[in-house]
Amino acid sequence: MKHEQKRQRISRAMAFILLFGVVSLFSDMTHEGASSIRGAYLSLLGASAATIGFVSGLGELVGYSMRYVFGKLTDKTKQYWPMTILGYVLDIIAVPALALVGEHGWVWACLLLIVQRMGKAIKKPAKDTIMSFAATQEGVGKSFGIQEVLDQLGAFLGPVLLYLVMLGKTEGDTFRLYSFCFAVLAIPGAITLILLLVTKHKFPNPEQFEPEPKEFVPFRMKKEFVLYIAGISLFAFGFIDYSIVVMHISRTFTELAPGLAETSSLITTGSLPLLYAGAMLVDAVAALVFGFLFDRYGVKVLVLSTLLSAPFPILVFGGESIPTVLLGIALWGVGMGAQESILKAAVASMVPKTSRATGYGIFECAFGAAWFLGSWLLGLLYETSLPVMIAVSVLAQLAAIPLYLLSGRERATENG
């Protein structure tokens, strides 16, 4: 009888993971569809590369630093669903609102980007925590990997949807085309919110998936967690935001740069979303593979993913041919896949249930602060020296590897 109950509980846990993954699918259709053209849109509205880098980084700083606050609040109140729903509402509404800014409204567009990131700040600690409750029953690496596959399926479909919209809408200038695309993203946004409410109705108490600990374990910054935070902060500092990537590609290949006239026709304004869609497919595969590997080998798997993704700036910003740039974008996708699966799974394995939202908040606050500083600096370097920007990006990512190894060794020592 107990065996049957356990099987049923695990089955419900996986059902929750899959249903919540479908919510993420439509959510990612919305904001990753926007991400595929946002950099080019901001540039079209009049924002410079330094401004785009600063705002992208500031958005991440707000989105990540506030997660510590909302993580603590979530742990204290245990209001997992209300925090998740509020965050989703802000996150989703900010995207189609980009269609309402004027032709020179880059300031308003930047403010909406920050609102969207604030929505993510509110929802992420609560969302990742309730996901972790179910994930502990199915394997944290595998569970977060499955969710990331569904995430990235949405991140693939969003840009493809915009590509099809661009193919069908031939009237109007580029600004109106982009505005229409943001308006279309209201459709998957609405589906996201409906499915979220359905999920809450079916699973009102997801914290019940994971058994309560026999005794209260207060949160403390263990050495393995500190080393891990330091490593992912270096990785985040060096990982170039896709807004700068797509801006560079749109400037270099869609504007018929000297010496590239024959090949640049392969990349047009209308095909830019497809590049992001391809990166998201790579992201999905990488997340699933690295998620399964994490359950077996732990944090050391981050070493492999970092070695694979670190060279992407050399190929994207130093490449002079489309195949080289495409390979660079694929490696960027590998890095994103690792971020979204292994990084979250590692926190679930290091932090006890009773304070996990706080752990996620600290992790994402540090990650966001590093992302902000890196995005700002790399955006400035893009305008002054591409070789220096490439070197800083690659070296910062590689510098994270020794810290990952030390964190894994510390965990083995504690468990040994």
Side-chain angles (χ1 to χ4, degrees), residues 9-28 31 63-64 67 70-71 73-75 77-88 91-92 119-155 192-193 195-212 232 283-284 287-288 290-292 294-295 336-364 367:
R9 185 185 66 189
I10 291 174
S11 175
R12 278 183 57 80
M14 181 53 70
F16 173 77
I17 290 166
L18 293 172
L19 185 54
F20 213 8
V22 175
V23 172
S24 294
L25 185 156
F26 283 98
S27 173
D28 270 41
H31 56 73
Y64 280 97
R67 292 180 197 191
F70 291 113
L73 183 62
T74 300
D75 271 337
T77 63
K78 308 300 181 187
Q79 296 296 308
Y80 300 112
W81 275 123
M83 299 292 284
T84 302
I85 291 169
L86 174 61
Y88 263 110
D91 182 15
I92 294 300
K120 294 191 79 168
I122 295 170
K123 80 177 184 184
K124 285 292 281 185
K127 175 193 171 185
D128 288 343
T129 300
I130 58 180
M131 258 294 297
S132 75
F133 294 149
T136 56
Q137 307 306 304
E138 300 288 336
V140 289
K142 179 180 75 172
S143 298
F144 279 106
I146 289 171
Q147 191 199 37
E148 180 61 9
V149 168
L150 291 167
D151 269 4
Q152 298 320 110
L153 178 57
T192 300
L193 298 179
L195 288 176
L196 182 65
L197 295 176
V198 170
T199 306
K200 178 185 180 298
H201 177 72
K202 288 186 173 294
F203 299 94
N205 300 298
E207 63 271 20
Q208 293 178 358
F209 286 125
E210 183 176 350
E212 291 295 329
I232 62 99
D283 179 332
L288 192 59
F290 288 126
F292 276 91
F294 176 83
D295 285 334
M336 284 299 294
Q339 283 184 41
E340 294 297 327
S341 59
I342 310 174
L343 297 190
K344 290 187 286 192
V347 175
S349 68
M350 294 179 187
V351 183
K353 176 185 179 181
T354 51
S355 54
R356 196 166 297 150
T358 300
Y360 275 116
I362 292 172
F363 151 68
E364 291 178 339
F367 190 90

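The model shown is predicted, which means the values in this text are computed figures rather than measured ones. The basis for the numbers below is simple: all heavy atoms, side chains too, and nothing from hydrogens, waters or symmetry mates.
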Interatomic distance, Gln147 atom CD to Leu25 atom CG [nearest 0.5 angstrom]: 10.5 Å
With sequence neighbours left out, write down each residue that passes side-chain hydrogen bond (donor to acceptor under 3.5 Å, both in side chains) with Ser27, or none if nothing qualifies. His31
What's the separation between atom OG1 in Thr192 and atom CG in Asp28, rounded to the nearest 0.5 Å? 8.5 Å
Run the side-chain contact (heavy atoms from CB on, under 4.5 Å) test against Leu18 and tell me which residues pass, sequence neighbours left out. Met14, Ile146, Leu150
Atom pair CD/CD1 of Gln79 and Ile85 - distance to nearest 0.5 Å: 10.5 Å
How far apart are the C-alpha atoms of Tyr80 and Lys127, what are their side-chain angles, what is the distance that settles it, and do they pass the side chain to side chain contact (heavy atoms under 4.5 Å, CB included) test? CA-CA 7 Å; Tyr80 300 112; Lys127 175 193 171 185; over 6 Å; no
Verdict with supporting geometry, Leu86 and Lys123, side chain to side chain contact (heavy atoms under 4.5 Å, CB included): CA-CA 7 Å; Leu86 174 61; Lys123 80 177 184 184; over 6 Å; no
Return yes if a side-chain donor-acceptor contact under 3.5 Å exists between Lys200 and Thr84, otherwise no. no
What is the minimum heavy-atom distance between Met83 and Ile122, and which atoms define it? O-CG2, 3.4 Å
Taking ring-ring contact (aromatic ring centres under 6.0 Å, His included) as the test, write out the residues that go with Phe20, two or more places apart. Phe16, Trp81
Closest non-hydrogen contact found for Ala284 with Val149 is O-CG2, 3.4 Å
How many angstroms lie between CZ in Phe133 and CG in Asp128, if you round to the nearest 0.5 Å? 11.0 Å
Residues that Leu195 engages under side-chain contact (heavy atoms from CB on, under 4.5 Å), provided they are two or more places apart: Val22, Val23, Phe26, Ile191
Point-to-point distance, once rounded to the nearest 0.5 Å, from CG of Leu288 to CG of Asp283: 11.5 Å
Listed partners of Ser143 passing side-chain contact (heavy atoms from CB on, under 4.5 Å), at least two apart: Ile17, Ala135, Glu138
Taking the side chain as every heavy atom from C-beta outward, state whether Lys78 and Asp75 have any atom pair closer than 4.5 Å. yes
Residues at least two apart in sequence or cross-chain that pass side-chain hydrogen bond (donor to acceptor under 3.5 Å, both in side chains) with Lys120, listed by chain then number, are none
Could you give me the CA-CA distance, side-chain angles and deciding distance for Arg12 and Phe203, then say whether side chain to side chain contact (heavy atoms under 4.5 Å, CB included) is met? CA-CA 9 Å; Arg12 278 183 57 80; Phe203 299 94; 3.3 Å; yes
In short, Gly71 meets Pro125 closest at the heavy-atom pair CA-CB, 3.7 Å
